[in-house]
Amino acid sequence: MMKELPPQYNPKETEDKIYELWEKSGYFSPDNLPSDTKPYPPSPKPFCIIMPPPNANGALHVGHALFVTLQDIMIRHKRMRGFKTLWLPGADHAGFETQVVYNKKLEREGHSLWGIPHDKLYKEILDFTLKNKSRMESQIRKLGASCDWSREKFTLDEDIKAVVYDTFEMLYKDGLIYRAERPVNWCVKHQTTLSDLEIKYEEREDKLYFVKYEIPEMRSYIEVATTRPETIPADIAIAVNPKSKWKKFIGKTAVNPMTQIDLAIVSDTRVDLSFGTGALKITPHHDALDFEIYETHKKEIVSKPVSVINQFGKLMGAGTLGGLKVKEAREKAALILRPNFAKEPEPYKHQVSVCYKCGTIIEPRVLAQWFIKMTEKPKSGGKSLRDLAVDAVKQKKVKFVTKKFEKIFLHWMKNLRDWNISRQIVWGIPIPAWFHEPKCIPRKGYEKDIVKCREYIISGTKPVCEFCDAQFVQDTDVFDTWFSSGQWPYATLMTTSNKKDFGAFYPTDIMETGWDILFFWVARMIMLGLYRTGKVPFKTIYLHGLVRDKDRQKMSKSKGNVIDPLGVSELYGTDALRMALVAGNAAGNDPVISEEKIKGYRNFANKIWNVSRFVLMKTGDEISKGKISLTAKDKKGLKELANIKKSVTKDIEAYKFHLAAEKLYHYFWHTFADKIIEESKSRLEKGGKEAESATYMLRTILEGSLKMLHPFMPFVTEEIWQKLYGGKKMLMVEKW
RNA sequence: GGGCACUUAGCUCAGUGGUAGAGCGUCUCGCUUACAUCGAGAAGGUCGUGGGUUCGAUCCCCUCAGUGCCCACCA
């Protein structure tokens, strides 16, 4: 009766219906797994993946489809093997990224976010984010993700924020968080500081100027090479390498050619002898190295550091340069300084730092920001954040599926510098620091206590001053998003409605994400996870690459080669998309995908459909077990199935999903369909014992294959299973 | 300036210490009642170069060449 299958598999009629069936069953949650899925030894064991929360600022792209597929394969496989399986979904407000996306949207409409009052802007972006979030959730469903929606978390959930605040406070008490005026990366367009990871380098062709700084007492001069003559008004010293020809001037005083102030000449080995002239002008507020040299020689340098470039990248308090943009000011400064040139400027190619989002040149500025110490030990004892992570990786407490990323990781960790976690944007989690404003004027009787009053207090809630009536005002800066998302594995498991989750599922088993966020996210999760919980956040890290088109090109809207996963899923079915994303793509490499490839797997889905159709038509509904005596050939066929199962299981356990997928494809199509089924046809015609044996064999291989294919192609396999068992059983929770 | 990879069939990529694999593409047949989103068959590679280890290397080691990526406060 159920043999009336159409000759073609129609994903459109299947997928939504099947997903609803799964979701309603409750089996996505580890709490509701059916009692008859007996755990395999050495179970009962939990298996947990925390989904990397997608940025809720746009539609899902093919990279999201890739991670959904890979993670769903692991989850479904483990679930079928009887593990207590949790895949916890989430969404990221993605602070800076989302604010940039939102601003672009406004710019397209002819506006911008500058000038919109803080609270109004926050609400607008919140609406925008929540809309995207709900669209994303339905798209993740469309891709077949068997995640537990009842445990979904959002990075702006109050309980998540509370965990983040706790961590901040712990770090602060441990002396690992400090506020300091230090050179930071400032994006003139976005009006915020950025971490060192959020800048990239671009080669630019500039000029190298050689400027003479007079030393009246010696009737001589020092020659300094610089690409930034416009910052000379902020020069307050000159540093020379003690081995350079300028060493005789160490301790003397030069004159700033633009401001005429005195410049101490100090000795510092950080001045590169092989570059320029061996002498360096010191402009602490506009160059990071200069700042460090200034810090070292503070006592020798009489002048105080000044800023001559403002937040908009314009000169200020710099005499006739005032009001000019950096580039214009540079030209004008060159003109003014011409009499002081030691020689003609030379063309000079170098790397300049730019904002990773907009490509605007980063302006180093000295601002008060919150930093995390990466390499110092906490006051409460134990290792530095860096050492925690490095040691855990070296001791294989976190295993990298692809070795090369372990090397890249360790190399990066070597050169870690303190992490600036404050951002001057609207869209983010406010830093829980409160400033005393105005300054403390003690009430009567508390005058002596003014020394105890602090400039700021770290607190999740508004503090009250013990000594005066002034109000505390919360810091207007927000966290770098990665500070909060870096806590995602424990923050989520600590705040689900099931209070046992953290104990049951932490550390999680595997983190699967793109290698492009190895430093941004993975490294931070390992460090913060170990710091906060004493345990690694995940035992294994699997990193996938960037999806490319059939010519190995990056996908971009301007190239017109973008593959929209939802569109593909509509056209060819989600199963086809999933297979195309997995097959032929080893871990850590950039996956290649094309429409032809997807079509190929659409055909495969149809093959599965038709094989099932054939088996159903020829063999009837039930397989009578027990009395059948199998022919030698059929026994061999079943043995082959068992071998394939062994090998596929091994591949999946070793994260070689591409191998498993290809083996299944090849076996199902070219062994089962082309050979076994073809050979069985005449025997089925004959009837009798031969036919009985063949029937049993075909049905067994079909079911075994469907089970193995299910993690990869969940929809078509489940749909067929529903037909096979008339809706009485669910493949998703069948025993592997 | 440091570091990490890659170089296998026309294209995109797997893979293994023991006579080379897939998908797509190409060619030749076939509308055979599971499937033309199909079937049968075929062509196509000295596995980048030069050495070494080994009974034997595409796979291990070294050299060179080319390609890609990451990191980096040479003003």
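Lettering of chains follows the sequences in order, A, B, ..., and the numbering in each one begins at 1. Below, each value reflects all heavy atoms present in this structure, side chains not excepted, and no hydrogens, waters or symmetry copies.
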Inset, instruction - At under 4.0 Å between heavy atoms, which parts of nucleotides 14-20 of chain B does protein reach? Answer with one letter per nucleotide, 5' to 3': B base, S sugar-phosphate only, - none. - result: SS-----
Inset, instruction - Please measure how far the P atom in C47(B) lies from the corresponding atom in U19(B), and state the result in whole Å. - result: 14 Å
Inset, instruction - Name all residues meeting the side-chain hydrogen bond (donor to acceptor under 3.5 Å, both in side chains) criterion together with Glu363(A); count only those two or more places apart in sequence or in a different chain, and write none if there are none. - result: Arg228(A)
Legend entry - Under the salt bridge (Lys or Arg N to Asp or Glu O under 4.0 Å) test, residues paired with Asp196(A) that sit two or more places apart: Arg417(A)
Inset, instruction - Please name all residues satisfying side-chain hydrogen bond (donor to acceptor under 3.5 Å, both in side chains) with Ser353(A), sequence neighbours left out, ordered by chain then number. - result: none
Legend entry - Exam field: side chain Asp575(A) to backbone Phe712(A), donor-acceptor pair closer than 3.5 Å: no
Legend entry - Counterpart residues, side-chain hydrogen bond (donor to acceptor under 3.5 Å, both in side chains), relative to Lys607(A) (two or more places apart): none
Legend entry - side chain to side chain donor-acceptor pair (under 3.5 Å) assessment of Thr227(A) paired with Asp206(A): CA-CA 7 Å; Thr227(A) 55; Asp206(A) 281 315; 5.9 Å; no
Legend entry - Whole-Å C1' distance, A42(B) and C35(B): 24 Å
Between N or O atoms, less than 3.5 Å apart, protein on one side and nucleotides 26-34 of chain B on the other: list the pairs.
unit_1, atom_1, unit_2, atom_2, d
A34(B), O2', Asn610(A), OD1, 2.5
A34(B), O2', Arg613(A), NH1, 2.6
A34(B), N7, Lys681(A), NZ, 3.2
A34(B), N6, Glu678(A), OE2, 2.8
A34(B), N3, Asn610(A), O, 3.3

Inset, instruction - Report the C-alpha separation of Asp235(A) and Thr283(A) in whole Å, then their side-chain angles, then the decisive distance to 0.1 Å, and conclude whether the side chain to side chain donor-acceptor pair (under 3.5 Å) test is met. - result: CA-CA 5 Å; Asp235(A) 286 1; Thr283(A) 321; 2.6 Å; yes
Inset, instruction - Using the C1' atom as the reference point in each nucleotide, state the distance between G66(B) and U26(B) in Å, no decimals. - result: 29 Å
Inset, instruction - Determine: side-chain N/O of Asn606(A) to OP1/OP2 of C38(B), distance under 4.0 Å, yes or no. - result: no
Inset, instruction - Scan Trp412(A), Trp419(A), Trp482(A) and name whichever one has a ring pair (Phe, Tyr, Trp, His ring centres under 6.0 Å) with Phe520(A). - result: Trp482(A)
Inset, instruction - Just jot down the salt bridge (Lys or Arg N to Asp or Glu O under 4.0 Å) partners of Glu202(A), sequence neighbours excluded, or say none. - result: Arg204(A)
Inset, instruction - Determine the interatomic distance between C1' on U8(B) and the same-named atom on U67(B); round to the nearest Å. - result: 16 Å
Legend entry - Thr402(A) side-chain N/O to Phe405(A) backbone N/O, donor-acceptor pair under 3.5 Å: no
Legend entry - 5'-to-3' dot-bracket of RNA chain B (Watson-Crick, G-U; under 3.5 angstrom; crossing pairs as [ ]; | other strand): (((((((..((((....[..)))).(((((.......))))).....(.(((..]....))).))))))))....
Inset, instruction - List for me each residue that meets salt bridge (Lys or Arg N to Asp or Glu O under 4.0 Å) alongside Lys675(A), sequence neighbours excluded, and say none if there are none. - result: none
Inset, instruction - Scan His286(A) against the nucleic acid and name what it touches under 4.0 Å (heavy atoms): base, sugar-phosphate only, or nothing. - result: nothing
Inset, instruction - Using the P atom as the reference point in each nucleotide, state the distance between C69(B) and U28(B) in Å, no decimals. - result: 41 Å
Inset, instruction - Indicate yes or no for a side-chain donor-acceptor contact from Lys394(A) to the backbone of Leu410(A) under 3.5 Å, with no hydrogens or angles considered. - result: no
Legend entry - Within the 6.0 Å centroid threshold, strictly below: Phe275(A) and Tyr348(A): yes
Inset, instruction - For G45(B) versus A20(B), give the span between their P atoms, rounded off to a whole number of Å. - result: 13 Å
Inset, instruction - Going 5' to 3' through nucleotides 68-75 of chain B, assign each nucleotide B (protein heavy atom under 4.0 Å from a base atom), S (under 4.0 Å only from sugar-phosphate atoms) or - (no protein heavy atom that close). - result: --SSBBBB
I'd like a list of close polar pairs between nucleotides 5-7 of chain B and the protein, N/O only, cut-off under 3.5 Å.
unit_1, atom_1, unit_2, atom_2, d
A5(B), OP1, Lys407(A), NZ, 2.6

Kindly list each side-chain donor-acceptor pair under 3.5 angstrom involving residues 655-668 of chain A, sequence neighbours excluded, with atom names and distances?
unit_1, atom_1, unit_2, atom_2, d
Glu662(A), OE2, Gly584(A), N, 2.5
Lys663(A), NZ, Ser647(A), OG, 2.9
Lys663(A), NZ, Asp651(A), OD2, 2.6

Legend entry - Lys NZ or Arg CZ of Arg683(A) over Tyr696(A) ring: under 6.0 Å, within 45°: no
Inset, instruction - Could you tell me whether Glu596(A) and Lys599(A) have a side-chain N and a carboxylate O separated by less than 4.0 Å? - result: no
